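Everything on this sheet refers to the single structure shown next.
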Amino acid sequence: MSTRPIPRPGIMAIHPYVPGKSSAPGVAKIYKLSSNETPLGPSPRATEAFRSVASHLHDYPDGAATDLRRAIGRAFGLDPERIVCGAGSDDLLNLLARAYLADDEEAIHTTHGFLVYPIATLGTGAKPVVAAETNYTADVDAILGAVTERTRIVFLANPNNPTGTYLPFDEIRRLHRGLPRRVLLVLDAAYAEYVRRNDYESGIELVSGTENVVMCRTFSKIHGLAALRLGWMYGPAHVVDAINRIRGPFNVNAAAIAAGIAAISDTGHVERSAAHNEKWLGWLSAEISKLGLKVTPSAANFVLIHFRQADGRTAADADRMLTARGLILRQVGAYGLPHALRMSVGTEEANRLVVAALAEFMAGPAHG
Ligand SMILES: Cc1ncc(COP(=O)(O)O)c(C=O)c1O
């Protein structure tokens, strides 16, 4: 008999999620490039809508987020009845795990997949199963090879964080075709708006025509509303029904609802943000590569930079040097990438400062 309460199996195996750093001791001006936030900020209309909620803080929000689901439905041509909103897509990923995983069942994610997947899986008592990647990219055959009788969910970020790589729609369809119908395929398209590839599809088409696919989206990235915690999922009616039974009755707050409606209708702001990203993602990838550092080709709003493993030019050395200049990138050791740093595409100023700093770092004496 235990002398104190003990959490359910799996909980104590969780490595708590460590968010990107947001400060650099002793540095006056910092450039936070560690959490894939947008350098352009939210739509001014979203900020205005957020302010308008201040006079109604005593009222509960609409627990069904009806107007927001309608606005999302209009923006994407989707049935609002098949949309669920959440306090960030993290909320929805956890709800999906809770609804579809039980003790000793399995959820698959890929080697460098988003860390919330194993955390959400372990929290239910189920087992995370890792499918190998090829060239830092999800490998459909490896995922299908990892399926067992106990598999209930496949979590796939497309594009993936922290690698930035993506699978073309043909590959997603091949993955879906190979999965048993009882397995829920969760397509996490947090970075979909940034992708500029003809062979990419965020998942809407697949969800619409199938019974075992869900797509998750977020307002934290291109919409610039990370602080408000707002995400949404689109799924088959039966999955939506299950999630609506277990979600918090008011899981999305009134400020997030108001700002989300304004943000999704400001298509000009989204386009400007995507155009900024396209320009600087290409520039950063090219300039950093020219310095002799490997950059994984990215379809998202960040780049994964691979450093040498010795001679004073390691990822840890680079991180120290950049942090001292107020340039905060993301260490990705927790993702199994101890020799890399992830950099979010920032403002022109931030991007140029990082490249100049890395140029000095690579050319100068070893930093060790
Ligand atoms: C792949 C992926 N999915 C989901 C999220 C979580 O987003 P949210 O802020 O909506 O919880 C992130 C955030 O970094 C992400 O990278």
Side-chain angles (χ1 to χ4, degrees), residues 16-22 32-38 42 46 65 68 72 83-97 107-121 123 128 133 136-138 153-167 172 185-195 200 202-203 214-234 243 247-248 251-253 255-257 259-260 263-264 277 296 298-304 328-332 334-335 337 342-345:
Y17 186 86
V18 181
K21 282 189 294 187
S22 54
K32 183 168 182 246
L33 305 166
S34 57
S35 298
N36 299 341
E37 295 143 339
T38 171
L68 175 58
I72 296 168
I83 293 171
V84 186
C85 296
S89 45
D90 285 351
D91 185 23
L92 298 162
L93 294 167
N94 276 287
L95 288 168
L96 287 162
I108 298 172
H109 66 92
T110 65
T111 312
H112 305 299
F114 185 43
L115 279 177
V116 166
Y117 310 149
I119 292 175
T121 300
E133 297 180 1
Y136 300 104
T137 308
I153 294 184
V154 171
F155 286 112
L156 183 70
N158 199 30
N160 182 52
N161 170 21
T163 54
T165 55
Y166 80 105
L167 285 186
I172 299 287
L185 174 59
V186 177
L187 296 173
D188 179 352
Y191 301 96
E193 294 89 348
Y194 290 112
V195 184
Y200 175 78
S202 63
V214 163
M215 174 193 66
C216 291
R217 302 285 283 257
T218 182
F219 280 83
S220 301
K221 306 300 174 185
I222 206 157
H223 294 295
L225 297 176
L228 290 182
R229 313 306 304 123
L230 182 60
W232 58 280
M233 58 161 252
Y234 173 58
I243 300 305
R247 70 175 172 81
N251 62 332
V252 179
N253 68 69
I257 291 174
I264 201 119
N277 190 68
T296 301
S298 170
N301 69 336
F302 53 87
V303 284
L304 186 68
I328 303 179
L329 276 63
R330 178 75 135 113
Q331 291 181 345
V332 281
Y335 283 94
L337 297 161
R342 190 193 68 196
M343 173 190 178
S344 310
V345 173

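The first residue of the sequence shown is numbered 1, and numbering continues consecutively from there. All values reported here derive from a predicted model rather than from experimental measurement. Remember, it's 1-based here, ligands and their atoms both numbered in the order they're listed.
- Looking at Arg229 next to ligand 1, an N or O pair under 3.5 Å apart turns up.
- Close approach of ligand 1 to Ser220 (heavy-atom distance below 4.0 Å) involves ligand atoms 8 (P), 9 (O), 10 (O).
- Ring-centre distance between Tyr191 and Tyr166: not below the 6.0 Å cut-off.
- Those atoms of ligand 1 with a heavy atom of Asn161 less than 4.0 angstrom away are 1 (C), 14 (O), 15 (C), 16 (O).
- Taking every heavy atom of Lys221 and a limit of under 4.0 angstrom, the matching atoms of ligand 1 come to 13 (C), 14 (O).
- Side-chain polar atoms of Thr111 and Glu133 form no donor-acceptor pair below 3.5 angstrom.
- Checking only distances, Tyr17 never comes within under 3.5 Å of ligand 1, N or O to N or O.
- At least one donor-acceptor pair under 3.5 Å links the side chain of Arg342 to the backbone N or O of Ser34.
- For the pair Phe155/Pro128, no side-chain contact is recorded, criterion being any heavy-atom separation below 4.5 Å from C-beta on.
- Using a 4.5 Å heavy-atom threshold, the side chains of Leu96 and Cys216 count as touching.
- Comment: Asp91 does not engage Arg247 in a salt bridge, judged by the lack of any side-chain N to carboxylate O separation of less than 4.0 angstrom.
- Heavy atoms of Ser89 found under 4.0 angstrom from ligand 1 belong to the backbone as well as the side chain.
- Within the 4.0 Å heavy-atom shell around ligand 1 one finds Tyr191.
- Shortest contact from atom 12 (C) of ligand 1 to any protein heavy atom: Phe114 CZ, 3.4 Å.
- Ring geometry, Tyr17 versus Phe114: the interplanar angle exceeds 60°, so the pair is classed perpendicular (tilted spans 30 to 60°).
- Atom 6 (C) of ligand 1 has Asp90 OD1, 3.2 Å as its closest protein atom, hydrogens excluded (heavy atom only).
- Heavy atoms only, all atoms of each residue included: Asn161 and Phe302 are closest at CA-CZ, 3.8 Å.
- Residue Thr218 holds the heavy atom nearest to atom 10 (O) of ligand 1 of all those in Thr218, Val116, Leu230.
- Considering only non-hydrogen protein atoms, atom 2 (C) of ligand 1 sits nearest to Asp188 OD2, 3.4 Å.
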